[in-house]
Amino acid sequence: MSSLTLTSDFVQPIFSATHLQTILEAAPVAMVMVDARGPIVFVNREAEQLFGYSRDELLGQSVEMLAPEASRHRLSEWQQLLLAEPRSRHLGANHDLLGLRKDGRQVPLKISLTPLHTDEGTFVLATLDDISEWKHAQDVIRNEEERLRAMLTAALDAVIMIDDQGRVTEWNPQAESLFGWSAEEAIGQSLDTLIIPPQYQEAHRRGLQIFRETGFSLILNKRIEMPALRRTGEEFPVELAVAPIRRPHGYEFSAFIRDLTERHRLETRFRAMIESAPMAMLLTDQQGTIQMINAQTEAMFGYPREELLGQGVEILFPERFREQHPHLRREFFIHPQEQRLGGVGSNLLGLRKDGTEFPLEWGLGPIDTDEGPCVLSAIVDITERQKMNDVIKASNETLEQRVNERTAELLHSNLALERSNLDLQQFAYIASHDLQTPLRGIVGFAQLLQRNYQGKLDEQADGWISRMVESALRMHQLIQDLLSYSAVDSRARAFEPVNMSELVAETVRVLEPAIVETNTRVEWDDLPTILGDRSQLAQLLQNLIGNAIKYHHVEPPRVRVTAERTSREWIFAVRDNGIGIDPKHHDRIFEIFRRLHTQQAYPGTGIGLAVCRRVVHRHGGRIWVESELGRGSVFYFTIPERRVEDL
Amino acid sequence: MKPTLTNSRPAEILLVEDNEHDVVLTEEGFKQAKLLVNLHHVENGAQCMAFLRKQDPYEQAPTPDLVLLDLNMPVMDGREVLTELVSDENLNHLPIVILTTSGEQQDILKMYKLRCSSYITKPVDFDQFLRVIRSIGEYWFTVVVLPR
């Protein structure tokens, strides 16, 4: 927008006042002329439009009405200034001048003031430009800039701009903190000396030059990683993306720069972790390409690292497994979750470089990387474990076989035992019937001889007949005893609670004739109730107490029955003051038909203690004697503690 | 002791016994006990059944007042005889006394379950045997009322 400005030099006599007025009137710019003393003496059409007043409303009025209240005082200041130093003055946009319209709106103005000296005195001619639109455009630009600046300031990345000579034009706060140079220090400086390590400076300059000459660059609009330099001289890794911006006078370049120190540290740590893992580990991408492996992987599969990196992971499996792998991999990425393949008992095998195969366990898990979703695998060679497992399995089988064999043996001996038990019962029956029948014949006819022929033969014949009867009766007794011995098993009854005090009392009643005859005193403690076969326990007590009475000394027999409890069993004792037993015979007395005395001294067959032992054994107990010749005997027997629920 | 038979005739006794010596001893026992009996003898259960059913060669045999039955015999033993007698309408009224060597609980229980009249174990001692014979005579022919 240009403005016609009349200067005092320009006003030539060739123009009449009328001419002048016509020119001013037609000027495409608002003009107001003011008498140096104050009132408005002239306005043109543009001025009328600008302020919204008609000419009549303005002429003769003070010019102050066209200025907002706040700036009115400046009007007289300018007037004084103009008059004191009479020359044209341009008051531009930067003065923030405002005009006041009739409707109260304020209009931003650019004003030129020119003093005019005429015959009628001094006037000031003001030309006024409405700069609303310009001002608005300025505001828009300023807003854009502010937004840009805000973005640059708030950006997480360092943002740097350079011109095509490599000079810094923009340097945001992140760039300040990243590189250590303030914006003030950096702007205008050559970028290479600021942040580019010496070894890359030449390349940087050449790159710029090539771009200037050819418009071609290798690095533009790409993410590149390179080292950068801090103010301290420290090199550190950055990632940057550079974009060209076309300018009227050439190009600028913006660079977004990110510090990779932390990521490198994490990556290094990740690599170190993988490297130090005790198992083979490898990272594969979505295509199954091996991205990273550790030394264990090299050792396990026999490949040097560089031969595996970039290969498909299928290379590690025997041919027959490969076909299904792509399918499995796709499945994995559809449902990425940790999985475990192979292991002991599975047929999953790995393939070494040398072609050998080995069993393995393969654990895999999804992992997100900058390059997209990947699979991190951990692989264990389970050859040893498989071997151990086979050994364990084999030894288990052996064990099982042994158990089976032993069970079979036990079953066999159980059967044998059962058979021998049956045999024993069979024998008992035979003994009771088939042996007794002929015996009864012998006894019967011998006794008939005795009855019918006593005294009819000679004395010797009578003696022999009675010896025959005695022997036969004794044999009968032996058979009876043998029967009662075998009856301990064959006539066994179910266990029931038995009060031993009552049982002793009962025994004493049964033995009463012998007790009375020998003047025996039988005493007993308060004895417990135990679980056992009542009739067999009665027989046991009868035999023991009976023996105590039978084998008595010169003085009257004394028998005492006591019981003592241990943690697992009851120990019963039958104590007497009888003839006692020589310790050398202590074991033998429990054998069947074993006797220490003649029939004449103490009649009997020697079955009593054998039956006692059999009864005690059947109850799961032990029986023994403590005795010395002439000092009485104590017969002990134990009955294990049982509960009714155990039966 | 003088036997007092209710009908003043010798009692008819059938002894079922395979052992010759036992037969002689039993006969001697009845003789010495001075019991007036007609002691008939068969050697096994089959003969016993024939005797009781008056089958050949026992068409003329009397119906016994008492049967003394041994258990262990060849051909047909006492258990089978008793089992068959019990289920025979014509014969199950006969008093059967088991006279055997066996003292087996099983045998005793089984015979009583088959409703034998008595179960007696033969004593080995002849004096005791004699007492048993006397008791049988006294009990069955003086105390007990038998069907005619």
Side-chain angles (χ1 to χ4, degrees), chain A residues 421-454 465-494 533-536 539 605, chain B residues 15-35 39 41 43-45 68-75 77-81 98-111 119-134 136:
Chain A
N421 270 344
L422 278 175
D423 288 349
L424 194 66
Q425 283 176 33
Q426 192 72 27
F427 161 77
Y429 196 85
I430 290 166
S432 71
H433 186 267
D434 296 337
L435 286 184
Q436 295 223 73
T437 303
L439 190 60
R440 200 169 49 246
I442 297 168
V443 174
F445 290 111
Q447 286 181 325
L448 274 175
L449 262 180
Q450 242 175 355
R451 292 175 76 93
N452 298 358
Y453 297 93
Q454 181 97 44
I465 289 170
S466 70
R467 280 180 196 280
M468 185 164 77
V469 170
E470 261 172 41
S471 298
L473 284 176
R474 175 153 179 78
M475 184 170 174
H476 170 64
Q477 188 58 50
L478 285 170
I479 291 169
Q480 287 300 114
D481 287 350
L482 205 54
L483 268 178
S484 65
Y485 181 73
S486 76
V488 172
D489 284 327
S490 65
R491 288 190 191 162
R493 287 192 207 158
D533 182 327
R534 187 183 177 87
S535 71
Q536 290 188 354
Q539 196 176 357
T605 57
Chain B
L15 175 64
V16 189
E17 170 65 69
D18 65 318
N19 186 297
E20 251 183 275
H21 305 307
D22 272 357
V23 175
V24 172
L25 284 172
T26 308
E27 284 171 346
E28 197 60 34
F30 275 107
K31 210 184 285 172
Q32 299 226 350
K34 301 204 167 35
L35 285 169
L39 191 66
H41 168 236
E43 289 175 359
N44 58 53
L68 296 176
L69 181 63
D70 190 14
L71 283 187
N72 297 305
M73 293 177 296
V75 186
D77 70 15
R79 302 170 191 83
E80 294 168 289
V81 170
I98 308 293
L99 187 63
T100 180
T101 318
S102 168
E104 277 298 307
Q105 288 298 318
Q106 274 173 298
D107 279 338
I108 296 169
L109 193 64
K110 187 173 178 189
M111 293 307 116
Y119 189 108
I120 296 167
T121 308
K122 292 178 199 165
V124 170
D125 189 283
F126 188 74
D127 288 339
Q128 287 177 32
F129 184 62
L130 215 51
R131 276 201 287 278
V132 166
I133 297 290
R134 283 198 185 109
I136 289 172

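All chains are named by letter (A, B, ...) in the order of the sequence lines, taking the proteins before the strands, and each is independently numbered beginning at 1.
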Quiz prompt | Portion of B:Gln106 that has a non-hydrogen atom of chain A nearer than 4.5 angstrom | solution = neither

Quiz item: Counting heavy-atom pairs under 4.5 Å to chain A, which of B:Leu130, B:Val124, B:Asp22 comes out on top?
Solution: B:Val124

Quiz item: Within a reach of under 6.0 Å around CD of B:Gln128, are more than 12 heavy atoms found that belong to other residues, nucleotides or ligands?
Solution: yes

Self-check item: Crowding at NE2, B:His41 (>12 non-hydrogen neighbours, <6.0 Å)
Solution: yes

Quiz item: Roughly how far, to the nearest 0.5 Å, is the OG1 atom of B:Thr101 from the CZ atom of A:Arg440?
Solution: 4.0 Å

Exercise. Give, for atom NZ of B:Lys122 and atom OG1 of A:Thr437, the distance between the pair rounded to the nearest 0.5 Å.
Key: 6.0 Å

Quiz item: Residues of residues 466-476 of chain A under 4.5 Å from chain B (heavy atom pairs)?
Solution: A:Leu473, A:His476

Quiz prompt | Part of residues 445-454 of chain A lying next to chain B, heavy-atom separation under 4.5 Å | solution = A:Phe445, A:Gln447, A:Leu448, A:Arg451, A:Asn452

